Amino acid sequence: MKKIHYDHAEIEQRWQKTWEDLDLFQNQVIANPQNKQYLLFAFAYPSGSGLHVGHVESKTALDMLVRFSRMQGKNVYFPVGWDAFGLPAENYAIQTGVHPAETTKTAINTFRKQIKRLGISYDWANEIATSHPEYYRWTQWLFLQLYHKSLAYQDSGAVNWCPSCQTVLANEQVVEGQCERCDSLVEQKNLKQWYFKITDYRDELLNGLENLDWPEATKQHQRHWIGKAKGLSIDFKLKENNQTLTVWTKFWETVYGVTFVVIAPEKFEELELGKLIDSDKKKAVEEYLDQAKHKTEEERRIGEKDKSGVDTGLTVINPVNGQGVPLLIADYVLMDVGTAIVMGVPAHDERDFEFAKKYNLNITQVISYEDKEFDSQVKNQERSFAGRGVLINSGRFDGQDSWGEGKQNVADWLIEQGLARWETTYKLRDWLISRQRYWGTPIPIVYDPEGQPHPVKEEHLPWILPTDVDFNPKGESPLKSSREFIERTERLYGKGWRPEFDTMDTFVDSSWYFLRYLDARNSQEFASKDKLKTWLPVDLYLIGPEHIVLHLLYARFFTKFLRDEGYLEIDEPFNKMRHQGMILGPDGKKMSKSKGNVINPDEIIQKFGADALRIYEMFMGPLEADKPWDDRAVAGVARFLNRIYNLAQEETTNKTEPTLERKLHQTLKKVTEDLLVLKLNTAIAMLMECVNQWEKLSRESNIGVLTKEDLLIFIKILAPFAPFLSEELYAQITGTTESTGYQGVHVQVWPEFDAKLAQEEQVMIAVQVNGKVRAQLAVERQQVGDQVKILDLAKTNPEVEKWLADKIIIKEIYVPGRIVSLVAD
RNA sequence: GCCGAGGUGGCGGAAUUGGUAGACGCGUAGGUCUCAAAAACCUAUGAAGGCAACUUCGUGAGGGUUCGAUUCCCUCUCUCGGCACCA
């Protein structure tokens with residue numbers, strides 16, 4: 001039969017229009033808890049460059065699962081929206097003068113069009129954009145709820161400042177001392193800013209991870225970020241005035257080895273220790289404090305190699321042995337770790353060792369090691385070592401295991417003596433949400449003429465983002481340039497009142513969007529309790545691994561807060577979460593415009609069709625892996641689809657070829673199982689195997705090889721993968737017309753798997769002799785369980801006999817249906 | 001330095017979680033069709049040896065457990081992510 005190329009463009013456009021006219025899969029949020037499935041894709045920032053192949057990957061993967069679930073009779077909700085506030089649109093506005101609202105709208109329209117072309121079956125009825133007043137009104141409402149509970153508060157202190165973005169950043173947005181977005185070196189500034197008190201939930205955020213079905217690596221990451229550490233706070237006394245200086249340590253067993261104490265510059269000032277210093281030291285100390293204050297992030301990093309500090313001339317008493325040791329100031333001690341005062345144990349800590357060497361401080365070994373070389377190196381003050389050993393020079397604890405009884409006994413004793421207590425520290429700090437940028441949600445706060453903050457009244461929400469604004473960065477919030485904003489505030493609150501000019505971190509917007517999805521047009525509340533109760537939690541969240549600490553932590557925090565406020569009944573928003581990998585350029589590198597290795601999905605759709613693009617991206621490899629693009633492999637997928645199209649044109653028969661029927665049911669089984677665990681690459685491979693066999697049999701036969709029913713089974717299991725082609729073929733075969741109402745493949749029931757039909761009649765059993773496969777036995781299915789017979793068959797097989805000649809069998813193993821293993825000597 | 005993921009043909013990747021390594025796709029070679037090409041289809045395709053049936057080797061390296069290891073254990077090595085002066 002003559003092979004034709006089916007017209008993918010025509011078919012795809014026609015069905016896209018039909019589905020849209022029918023409002024297929026729209027308005028799926030109904031309060032029906034039966035069989036509910038809330039499937040969530042991390043909503044995207046609508047960038048001006050449009051959809052890229054990475055977007056296609058995650059959207060398509062979930063769409064396949066969604067279509068499959070629907071056919072399985074699940075009540076599926078699959079919403080869509082836009083993380084529409086953000087810097088790129090604002091930066092573009094600075095360059096071109098085009099208002100961010102304009103560019104955002106255009107970008108969303110482009111994305112929407114592209115997504116529809118891909119055949120993603122989103123429910124558009126609850127589409128949201130975080131920049132829409134009816135959305136950010138509730139972001140502001142949430143801020144106010146936090147404010148009323150004192151979980152949103154204002155504080156001044158050192159903050160991370162990006163000189164290029166002209167805004168402060170959250171700790172989470174500083175990567176290696178650089179701005180996450182533009183890689184500028186981050187500076188420290190003292191500013192009064194708004195914070196969310198996420199630390200109130202730190203223990204729950206940590207413990208809640210336990211039962212989540214998330215990738216273990218992601219959970220581990222969040223644990224590290226929260227950074228809970230149990231240690232001992234030990235009180236040292238200042239000799240000069242008996243003032244207590246508390247150090248915090250995880251290595252208290254080395255306390256007898258303390259030969260100095262180091263304090264962070266900021267802490268030294270906070271405790272006002274300067275006044276105790278002798279005049280001869282005063283100048284050096286003041287100089288050091290001044291210099292430390294002005295160190296840039298870059299200089300500090302250089303300092304990693306060369307530690308600096310200054311002796312205060314003050315003496316600290318080690319409580320365990322009464323020894324007086326010097327107090328030094330050094331900026332390698334960080335203000336926000338522990339108590340910002342560190343006990344210096346140079347024999348057993350690398351940093352302390354370095355510091356001691358540089359400033360000629362004493363070194364006392366208090367742990368001896370089994371390894372003689374190590375031990376003598378430490379003894380000779382050539383290096384430090386932090387491994388396990390036996391305590392020495394440690395009074396009553398000498399001879400005890402430094403990681404076992406010794407560690408325990410030292411702690412017990414210190415606590416008993418009232419010298420120390422357990423203290424748990426965390427790395428997680430409160431979330432700084434103020435941003436000195438325009439394109440974001442305005443913080444709903446106004447200041448009275450005395451400068452005291454007050455919440456914007458709820459009836460004034462949404463607290464609209466003004467439009468008469470000069471975007472050009474001047475180191476302060478662009479909103480200050482809006483006359484309307486100030487006039488509005490004075491009109492509503494009184495003369496001399498001023499609005500808060502900062503906007504919120506866009507991560508605030510995205511921390512609760514999955515809640516708004518459930519009731520996006522509700523003007524009375526952020527979502528009705530009924531719908532929240534019905535649909536939460538999210539059943540599967542597919543999100544890039546780049547959101548591990550930021551978004552996922554914040555969203556969990558919001559969920560827990562709203563639960564405590566009585567709005568939600570769940571503790572965790574996303575019980576099951578998976579990551580999609582990155583699609584790399586053909587060169588195996590991350591796609592970027594500057595590298596010129598970007599693949600445009602529109603071009604692929606035009607050339608090969610949306611179905612081919614969808615299937616290719618899923619066929620590339622495991623969803624979670626990073627995979628390089630291969631242009632030629634897309635053509636292979638297009639070929640696969642074309643073969644299906646041509647085979648489906650052939651006549652059907654009244655009895656399916658038995659081997660093909662078997663293959664079809666094996667395929668049904670494999671595809672069903674793989675879809676449930678998102679192993680889409682192997683599901684597609686199985687579909688290909690099935691088609692290969694179908695084609696082979698069809699070639700060898702003059703008449704049809706498939707019944708109409710079996711053909712329809714194949715089309716149905718193809719439907720989640722290739723929604724357009726399967727819809728077309730289904731319509732062709734069943735002859736349904738629009739007049740009968742929509743009866744297309746996407747509302748059909750997923751076929752039932754028949755184990756009997758999938759079973760092979762003959763099973764191939766391999767025979768190993770001394771671990772090497774030497775023969776294959778074709779065994780009737782009924783005989784597989786007959787061990788005696790199978791072993792007999794194996795031993796009398798001529799191939800096997802050859803290898804058994806002159807040998808005695810000493811062991812026989814039969815794994816039913818798989819393998820016979822004979823051991824002979 | 002620490003934490004995490006990983007290393008399988010020329011390439012992307014499979015492998016029922018201890019049971020025939022290399023499914024499926026790409027690429028390559030030869031062929032069919034064609035005046036020719038493209039497209040499409042067929043056959044072969046881990047490496048080495050052999051005319052051949054066949055044999056040996058082979059999942060980053062080395063060792064171990066086992067009748068049997070890509071899979072489990074130990075040591076090492078390389079790659080990719082992340083964190084990092086965290087006391």
Side-chain angles (χ1 to χ4, degrees), chain A residues 2-5 175-177 215-221 223-225 227 229 231 247-252 254 262 264 300-301 303-307 330-334 336-345 349-352 354-355 386 425-427 545-546 548-549 582 584 588 615-616 619-622 624-637 639-640 642-643 646 670 673 679 681-692 695-696 699 764-776 809-824:
Chain A
K2 184 100 179 70
K3 305 271 173 179
I4 61 153
H5 288 276
V175 180
E176 290 184 9
E216 199 43 50
T218 305
K219 291 201 219 177
Q220 201 56 31
H221 218 104
R223 286 191 196 105
H224 280 300
W225 192 263
V247 306
W248 181 83
T249 180
K250 288 192 284 190
F251 308 105
W252 55 83
T254 63
V262 207
R300 272 204 146 174
R301 286 152 76 57
E304 273 180 45
K305 289 175 201 112
D306 186 25
K307 298 195 183 348
D331 63 3
Y332 81 86
V333 179
L334 303 176
D336 40 26
V337 180
T339 56
I341 307 174
V342 175
M343 59 182 214
V345 187
D349 182 281
E350 214 184 308
R351 291 153 305 170
D352 294 347
E354 233 179 275
F355 193 68
T425 64
Y426 297 81
K427 231 172 92 178
E546 68 276 14
I548 284 172
V549 278
M582 213 187 324
L584 308 170
I615 293 178
Y616 169 63
F619 185 58
M620 291 170 86
E624 64 280 5
D626 293 343
K627 300 145 290 212
W629 185 269
D630 182 353
D631 263 320
R632 292 175 297 202
V634 197
V637 171
R639 248 191 314 268
F640 161 69
N642 206 55
R643 278 167 35 210
N646 279 288
K670 176 80 175 154
E673 288 168 356
K679 285 175 75 174
N681 54 333
T682 47
I684 293 164
M686 190 63 179
L687 286 167
M688 287 173 170
E689 277 188 55
C690 186
V691 170
N692 288 348
E695 193 171 53
K696 186 161 182 263
R699 193 166 53 236
M764 296 304 280
I765 295 174
V767 183
Q768 289 186 342
V769 179
N770 287 341
K772 288 206 157 116
V773 177
R774 297 303 184 185
Q776 299 284 338
I809 296 176
I810 49 178
K811 196 165 184 182
E812 306 174 351
I813 294 149
Y814 174 52
V815 183
R818 297 208 194 283
I819 204 161
V820 172
S821 187
L822 302 173
V823 189

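Residue numbers begin at 1 in each chain, while the letters A, B, ... track the order of the sequences. Keep in mind the model is a prediction, meaning the values are calculated, not measured. Only this structure's heavy atoms are used, side chains among them; waters, hydrogens and symmetry mates stay out.
- Position along RNA chain B of the nearest nucleotide to A:Val815 versus A:His224 favours A:His224 as the more 5'-ward residue.
- Relative to the side chain of A:Gln220, the nucleotides B:G4, B:G19, B:C26 differ in distance, and B:G4 lies closest.
- With a cut-off of 3.5 Å on both pairing distances, the Watson-Crick and G-U wobble pairs of RNA chain B assemble into stems of 3 or more at B:1-7 with B:77-83, B:10-12 with B:24-26, B:27-32 with B:40-45, B:46-49 with B:54-57, B:60-64 with B:72-76.
- Not counting sequence neighbours, the partners of A:Tyr616 by the ring-ring contact (aromatic ring centres under 6.0 Å, His included) test are A:Trp629.
- A glycosidic torsion no more than 90° from 0 defines the syn conformation, and B:G9 adopts it.
- Whole-Å rounding puts the A:Lys627 NZ to B:C24 P distance at 21 Å.
- Checking side-chain atoms of A:Lys627 against main-chain N and O of A:Pro622 turns up a donor-acceptor pair under 3.5 Å.
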- request: Starting from the C-alpha separation in whole Å, work towards a yes-or-no answer on side chain to side chain contact (heavy atoms under 4.5 Å, CB included) for A:Val247 and A:Val342.
  value: CA-CA 5 Å; A:Val247 306; A:Val342 175; 5.9 Å; no
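- Rounded to whole Å, the separation between the P atoms of B:U20 and B:C72 comes to 16 Å.
- Regarding A:Arg632, its CZ atom lies at a distance of 11 Å from the C1' atom of B:G10, rounded to whole Å.
- By the 6.0 Å contact criterion, CD on A:Gln776 is enclosed, its count of non-hydrogen atoms from other residues, nucleotides or ligands being greater than 12.
- Nucleotide B:U17 carries a syn base; the chi torsion (O4'-C1'-N9-C4 or O4'-C1'-N1-C2) is within 90° of 0.
- Within the model, atoms CD1 of A:Ile819 and OH of A:Tyr814 stand 11.0 Å from one another, a figure rounded to the nearest 0.5 Å.
- Mapping A:Pro628 and A:Ala766 onto RNA chain B by nearest heavy atom places A:Pro628 at the nucleotide closer to the 5' end.
- The gap from the C1' atom of B:G18 to that of B:C73 amounts to 13 Å, rounded to the nearest Å.
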message: I need a per-nucleotide contact map over nucleotides 39-45 of chain B, read 5' to 3'. Cutoff is protein heavy atoms under 4.0 Å; write B for the base, S for backbone only, - otherwise.
response: SSSS---
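- Between the side chain of A:Arg818 and the base of B:U20 there is no donor-acceptor pair of N/O atoms closer than 3.5 Å.
- Listed by chain and residue number, A:Trp422 satisfy the ring-ring contact (aromatic ring centres under 6.0 Å, His included) test with A:Trp252 (two or more places apart in sequence, or in another chain).
- Base engagement by A:Arg351 is indicated by at least one non-hydrogen atom pair under 4.0 Å involving a base atom.
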- request: Would you check, one step at a time, whether the test side chain to side chain contact (heavy atoms under 4.5 Å, CB included) holds for A:Asp626 with A:Met582?
  value: CA-CA 5 Å; A:Asp626 293 343; A:Met582 213 187 324; 3.4 Å; yes
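- On a pure distance criterion of 3.5 Å, no polar donor-acceptor pair joins the side chain of A:Lys427 and the base of B:C86.
- A heavy-atom distance below 4.5 Å is not found between the side chains of A:Glu354 and A:Tyr332.
- If you check every strand for non-hydrogen atoms under 4.0 Å, A:Pro622 touches sugar and phosphate atoms only.
- Nucleotides B:A84 and B:G4 are separated by 14 Å at their C1' atoms, to the nearest Å.
- Atom CD in A:Glu350 sits roughly 10 Å away from atom P in B:C2 (whole-Å rounding).
- In this entry the distance linking CE of A:Met620 with C1' of B:C11 reads 12 Å, nearest Å.
- The CH2 atom of A:Trp629 sits 18 Å away from the P atom of B:G25 (whole-angstrom rounding).
- Remark: the separation of the C1' atoms in B:U77 and B:C26 is 31 Å, to the nearest Å.
- No side-chain heavy atom of A:Val337 sits under 4.5 Å from any side-chain heavy atom of A:Thr425.
- The side chain to side chain donor-acceptor pair (under 3.5 Å) pairs that include a residue from residues 681-692 of chain A are A:Arg643-A:Asn692, A:Lys663-A:Glu689, A:Asp674-A:Thr682, where partners are two or more places apart or lie in different chains.
- Residue contacts for A:Met764: at a heavy-atom cut-off of 4.0 Å it reaches a base atom on one of the strands shown.
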- request: Begin from the C-alpha positions of A:Glu812 and A:Val820 and carry the test side chain to side chain contact (heavy atoms under 4.5 Å, CB included) through to its verdict.
  value: CA-CA 7 Å; A:Glu812 306 174 351; A:Val820 172; over 6 Å; no
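- Taking the P atom of each, B:G13 and B:C80 are spaced 16 Å apart, rounded to whole Å.
- For A:Asp331, the side-chain atoms get nearest to B:C85 when compared with the rest of B:U20, B:C86, B:C85.
- Nucleic acid contact for A:Asp630: sugar-phosphate only, since backbone atoms but no base atoms lie under 4.0 Å from a heavy atom of the residue.
- Among the heavy atoms of the strands, none lies under 4.0 Å from A:Asp336.
- Nucleotides B:A14 and B:C67 place their C1' atoms 26 Å apart, quoted to the nearest Å.
- Within the 4.0 Å cut-off from OP1 or OP2 of B:A14, at least one side-chain nitrogen or oxygen of A:Asn681 is found.
- Between A:Thr254 and A:Met343, the closest side-chain pair of non-hydrogen atoms falls below 4.5 Å.
- Judged by distance alone, with hydrogens and angles left aside, the side-chain atoms of A:Asp349 form no donor-acceptor pair with the main-chain N or O of A:Gly344 at under 3.5 Å.
- Atom CD in A:Glu216 sits 5.5 Å away from atom CZ in A:Arg223 (nearest 0.5 Å).
- Nucleotide B:C24 holds its P atom 17 Å from the CD1 atom of A:Ile615, rounded to whole Å.
- Here the straight-line distance linking atom CG of A:Asp352 with atom NZ of A:Lys307 works out to 9.0 Å at 0.5 Å rounding.
- Nucleic acid contact class of A:Gln776 (heavy atoms, under 4.0 Å, all strands): base.
- Contacts of A:Asp352 with the nucleic acid, taken as non-hydrogen atoms under 4.0 Å apart, are absent.
- A:Lys772 comes within 4.0 angstrom of the backbone, heavy atoms only, and of no base.
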Contact pattern, 5' to 3', of nucleotides 59-70 of chain B - B, S or - by protein heavy atom under 4.0 Å: --------B---
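- Contact between the side-chain N/O atoms of A:Lys307 and the OP1/OP2 oxygens of B:C85 is not found at any separation under 4.0 Å.
- In this structure, the CE atom of A:Met686 is 13 Å from the P atom of B:A15, given to the nearest Å.
- If you take CG of A:Leu687 and C1' of B:C24, they are 11 Å apart, rounded to a whole angstrom.
- Separating the P atom of B:G25 from that of B:A40 is a span of 14 Å, rounded to the nearest Å.
- Of the C1' atoms belonging to B:A44 and B:A37, the separation is 24 Å, rounded to the nearest Å.
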